Amino acid sequence: MLDSIIFIKKRIMDFTFDVFAKTRGFFKAYLEELSLAQLNAIPNGFNNNIIWNIGHSIVTEQILVYKLSGLEPNVSETLIEKYKKGTKPDGKATQADVDELKALAFSTIEHTKADFGSQVFSTFNEYTLSTTGNTLTNVTQAIQFALVHEGMHAGYILALLRALKV
């Protein structure tokens, strides 16, 4: 019975990381295909832009998974301060910012997947989500919610693309 539970949990997490990879693939494509002006544009009626949504998604996964586990995230504190919850874009992202996010799009998820598989996450500080009121009590929940969060921001990016007529 325990082997069956472990097998099911592994299949669920493999699926979760597969979806993360696909979402990050969309993010990377936007970073490669859109101009810096398009990535930085904040259309009327919006309070953020495409590059902020991508950076925010990457940083949030690292905060939820690594920081709440008491571990060092795989992104800089400068990046966290720029894209964490409660921040807003300044509309001045550079090509260097784009290149950094392109590199982090896959490397962060690959690192998280490897660390999860190696059972690096031994502790977790519970965190109540401001959006839903749910409380994350372990790293598996943090990873799963990070994917939900990323999906919401992928939707915001699609709305931004429509508003920009891209």
Side-chain angles (χ1 to χ4, degrees), residues 9-34 38-42 46-69 71-89 93 97-117 120-121 124-164 166:
K9 182 177 178 183
K10 182 183 179 338
R11 295 284 308 258
I12 291 168
M13 293 311 290
D14 286 348
F15 177 82
T16 299
F17 285 115
D18 183 55
V19 176
F20 257 122
K22 287 178 173 67
T23 305
R24 296 292 175 94
F26 293 128
F27 290 172
K28 187 174 181 197
Y30 300 140
L31 292 169
E32 291 173 345
E33 296 168 10
L34 298 174
Q38 290 170 318
L39 291 169
N40 278 302
I42 303 174
F46 290 84
N47 61 5
N48 55 45
N49 55 28
I50 293 168
I51 195 162
W52 183 88
N53 278 277
I54 294 170
H56 175 70
S57 294
I58 292 169
V59 160
T60 298
E61 180 268 330
Q62 291 288 295
I63 292 169
L64 292 174
V65 175
Y66 284 89
K67 284 203 166 204
L68 291 178
S69 295
L71 300 171
E72 284 294 315
N74 299 296
V75 298
S76 70
E77 195 60 38
T78 302
L79 202 71
I80 289 171
E81 288 302 313
K82 184 172 184 172
Y83 293 111
K84 69 182 181 182
K85 178 180 170 182
T87 63
K88 295 201 183 295
D97 296 324
V98 172
D99 294 341
E100 180 179 24
L101 292 177
K102 278 195 314 193
L104 291 171
F106 288 109
S107 67
T108 51
I109 289 302
E110 289 167 358
H111 201 141
T112 301
K113 182 178 181 180
D115 284 347
F116 184 80
V120 168
F121 306 103
F124 191 82
N125 298 305
E126 288 188 3
Y127 178 75
T128 301
L129 302 164
S130 61
T131 52
T132 64
N134 295 86
T135 299
L136 302 176
T137 61
N138 60 61
V139 73
T140 301
Q141 291 173 351
I143 291 168
Q144 291 170 337
F145 180 76
L147 182 57
V148 169
H149 175 265
E150 196 154 297
M152 291 186 320
H153 284 279
Y156 296 152
I157 290 169
L158 292 175
L160 286 160
L161 289 167
R162 245 180 262 116
L164 294 170
V166 174

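Fair warning: this is a prediction, and the values are worked out from it, not measured in the lab. Computed over heavy atoms, backbone and side chain alike; hydrogens, waters and symmetry mates excluded.
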Contacts of type side-chain hydrogen bond (donor to acceptor under 3.5 Å, both in side chains), residue [X], not counting sequence neighbours:
| X | answer |
| --- | --- |
| E100 | none |
| K82 | D97 |
| Y156 | none |
| Q144 | none |

How long is the span from the [atom1] atom in [X] to the [atom2] atom in [Y], to the nearest 0.5 Å?
| X | Y | atom1 | atom2 | result |
| --- | --- | --- | --- | --- |
| E77 | I80 | CD | CD1 | 4.5 Å |
| L39 | I157 | CG | CD1 | 9.5 Å |
| M152 | N53 | CE | CG | 10.5 Å |
| T137 | L68 | OG1 | CG | 11.5 Å |

Check whether any side-chain heavy atom of [X] sits under 4.5 Å from a side-chain heavy atom of [Y], and report yes or no.
| X | Y | value |
| --- | --- | --- |
| Q141 | F124 | no |
| L79 | Q62 | no |
| N134 | F145 | no |
| I42 | N47 | no |
| Y127 | I63 | no |
| L101 | Y83 | yes |

*asked:* Could you check whether atom CZ of F26 has more than 12 heavy atoms from other residues, nucleotides or ligands sitting under 6.0 Å from it?
replied: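 Atom CZ in F26 is not packed in, count stays at 12 or less.
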
*CD of E72: more than 12 outside heavy atoms within 6.0 angstrom?*
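No, CD of E72 has 12 or fewer neighbouring heavy atoms, counting only those of other groups under 6.0 Å.
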
Sequence neighbours excluded, which residues qualify as side-chain contact (heavy atoms from CB on, under 4.5 Å) partners of [X]?
| X | result |
| --- | --- |
| F15 | V19 |
| N125 | none |
| D18 | K22 |
| T128 | T135 |

Which atom of [X] lies closest to which atom of [Y], heavy atoms considered:
| X | Y | answer |
| --- | --- | --- |
| N49 | W52 | OD1-N, 2.8 Å |
| Y66 | D115 | OH-OD2, 2.7 Å |
| A142 | L136 | CA-CD1, 4.0 Å |
| L164 | A41 | CD2-CB, 3.6 Å |
| T112 | F121 | O-CE1, 4.1 Å |
| A163 | F46 | CB-CE1, 3.5 Å |

*Would you call the rings of F116 and F17 parallel, tilted or perpendicular if under 30° counts as parallel and over 60° as perpendicular?*
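Rings of F116 and F17: tilted, 30 to 60°.
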
*Please report the C-alpha distance between T16 and T140 in whole Å, then the side-chain angles of each, then the deciding distance to 0.1 Å, and finally whether the side-chain contact (heavy atoms from CB on, under 4.5 Å) criterion is met.*
CA-CA 10 Å; T16 299; T140 301; over 6 Å; no

If you look only at distance, which donor and acceptor atoms sit under 3.5 Å apart when one is on a side chain in residues 103-110 and the other is two or more places apart or in another chain?
residue	atom	partner	partner atom	Å
S107	OG	A103	O	3.0
T108	OG1	R24	NH1	2.9
T108	OG1	L104	O	2.6

*Any pair with a residue in residues 124-134 that passes salt bridge (Lys or Arg N to Asp or Glu O under 4.0 Å), sequence neighbours left out, goes on the list, sorted by first then second residue, please.*
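The answer is none; no pair qualifies.
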
*Pairs in or reaching into residues 135-149: which pass salt bridge (Lys or Arg N to Asp or Glu O under 4.0 Å), with residues at least two apart or in two chains?*
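Residue pairs with at least one partner in residues 135-149: there are none.
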
*Without swapping roles, check the side chain of S69 against the backbone of L71 for a donor-acceptor pair under 3.5 Å.*
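The answer is no, because no donor-acceptor pair under 3.5 Å joins these two groups.
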
*Got a donor-acceptor contact below 3.5 angstrom from the Q38 side chain to the L34 backbone?*
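Judged by distance alone, no pair lies under 3.5 Å.
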
*Who are the ring-ring contact (aromatic ring centres under 6.0 Å, His included) partners of H111, not counting sequence neighbours?*
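Scan of H111 (ring-ring contact (aromatic ring centres under 6.0 Å, His included), adjacent residues dropped) gives none.
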
*In this structure, which one of K85, E150, H149, K84 forms a side chain to side chain donor-acceptor pair (under 3.5 Å) with H56?*
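Among the candidates, only H149 passes.
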
